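Input: a single structure, listed below in structure tokens.
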Amino acid sequence: MGILKFFVRYFFFVLLFFFSATENNLSAQNQNFDTVQIRTTKLTQSIYMLEGTGAGNIGVCVGTDGTFIIDDQYAPLTEKIKVAIAKLTNKPVQFIINTHWHGDHSGGNENFGKEGAIIVSQENSRKRLEANQFFGLPPHEQAAYSKPGLPKITFTQSITFHYNGETIQIFHIADAHTNGDAIIYFQQSNVVHMGDVFVRYGFPFIDEPNGGNINGMIETIDSVVNLVNENTTIIPGHGQLSKKKDLIDYNTMLRTVRDRIKKQMDEGKTMEQIISSNPLNGYVKEGPNANNIIRIVYNSVLKSKK
Ligand SMILES: [Zn+2]
């Protein structure tokens, strides 16, 4: 096949690949970090959000005790992140909480860890970081982190920080985006960081092959909806700042899709029959990306039944 013919034939798929650019295919290898600029948004007197590549929104809490950050993006961005934080405070990063182990949220761990930052995560996320992992669509490898990049403090269900005048509740509800997600709630500032349990790029990627589950996503979001109020600022793992209503709408989408698929599974329908019924109607266009999502939801429901 000539190159032109090849290009014409596969143009659609190439387009699809680039336009479905989420954390799934934004691996560190295929990005140019030199041009990335870190954007800082002030949320309250002590809380900020940093954005870089569009991946892994970073939360920053500054104050008299020190600097506490949520996620640290990709390793090549560490210096730029430090410069952005230095404009907010002269105190170094003392604590980092990883919302989960995916590299677009934890890639800076080794750099910060070598400088003395103490990393905190849900226990399963540390286990993932200790060994080589495959994840994403298409799957790519994430090598095991060296010791400075590993969390020194882990928790199974919850841990509370009393820091910079904030009561910071960190909790894990269920297997959701991964099997090691952490939600962070700053009580006094009324700010929540959701990690990738909540994203704004459309229907979320759920790392089901590595223990994620749509039922746990719905359950986790329900508990956050019960915790927050109309004034709460919600930081998603990817995308723009949000409010409680956005979270409720997002959970309605997850529930609707899950229920459409589960109902057909209960009726004994095959995967092919479910795919052809277009259960993502209204949310995701039919095609390879939709099929992947359906498989993930199908497998989630199957696992939850056991
Ligand atoms: Zn993720």
Side-chain angles (χ1 to χ4, degrees), residues 20-31 49-59 69-75 77 96-109 119-145 149-151 170-184 192-221 224 234-240 242 247 250-251 254 289 292-293 296-297 299-300:
S20 67
T22 63
E23 63 179 307
N24 316 330
N25 46 38
L26 285 175
S27 59
Q29 294 90 324
N30 58 22
Q31 285 198 50
M49 176 174 78
L50 306 186
E51 295 166 272
T53 57
N57 287 332
I58 297 174
I69 69 171
I70 301 163
D71 289 345
D72 50 28
Q73 287 215 352
Y74 296 113
L77 292 175
I96 299 172
I97 167 85
N98 288 151
T99 58
H100 62 296
W101 57 271
H102 288 160
D104 53 333
H105 296 259
S106 64
N109 276 13
I119 302 160
V120 183
S121 80
Q122 208 274 346
E123 195 165 277
N124 294 329
S125 277
R126 177 179 158 116
K127 283 185 190 148
R128 293 278 173 189
L129 290 171
E130 285 173 335
N132 297 343
Q133 302 293 336
F134 278 94
F135 80 103
L137 296 168
H140 58 269
E141 187 174 17
Q142 178 174 314
Y145 285 15
L150 294 175
I170 304 171
F171 55 93
H172 169 84
I173 301 290
D175 295 346
H177 171 65
T178 67
N179 67 344
D181 303 302
I183 305 291
I184 298 89
V192 183
H193 194 307
M194 299 281 299
D196 283 354
V197 175
F198 178 45
V199 295
R200 301 307 307 269
Y201 58 71
F203 201 92
F205 168 66
I206 302 169
D207 195 355
E208 186 276 327
N210 291 314
N213 195 299
I214 192 167
N215 290 317
M217 297 270 282
I218 294 167
E219 191 186 334
T220 304
I221 294 160
V224 176
I234 302 171
I235 306 175
H238 300 250
Q240 73 272 26
S242 305
L247 202 55
Y250 173 87
N251 220 16
L254 298 187
N289 182 38
N292 281 325
I293 293 171
I296 281 171
V297 175
N299 289 333
S300 284

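The structure displayed is predicted, hence computed values, not measured ones. When a ligand or atom number is given, it counts from 1 through the structure's own listing order. Worth knowing before you read on, the calculation uses all heavy atoms, side chains too, and leaves out hydrogens, waters and symmetry mates. Sequence positions, counted from 1, serve as the residue numbers for this chain.
- Atom NE2 is the N, O or S atom of His177 at the shortest distance from the Zn ion (ligand 1).
- When you scan the N, O or S atoms of Asp196 for the one nearest the Zn ion (ligand 1), you land on OD2.
- Just one of Thr178, Asp181, Asp196, Asn124 meets the side-chain hydrogen bond (donor to acceptor under 3.5 Å, both in side chains) condition when paired with His100; it is Asp196.
- With sequence neighbours left out, the side chain to side chain donor-acceptor pair (under 3.5 Å) criterion links Asp71 to Thr99, His105.
- By the salt bridge (charged side-chain N to carboxylate O under 4.0 Å, His left out) test, Glu130 is found to be paired with Arg126, residues two or more places apart in sequence or in another chain being considered.
- Note on ring orientation: taking the six-membered ring where Trp is involved, the planes of Phe135 and His102 are parallel (angle under 30°, cut-offs 30° and 60°).
- When the Zn ion (ligand 1) is compared with the N/O/S atoms of His102, atom ND1 turns out nearest.
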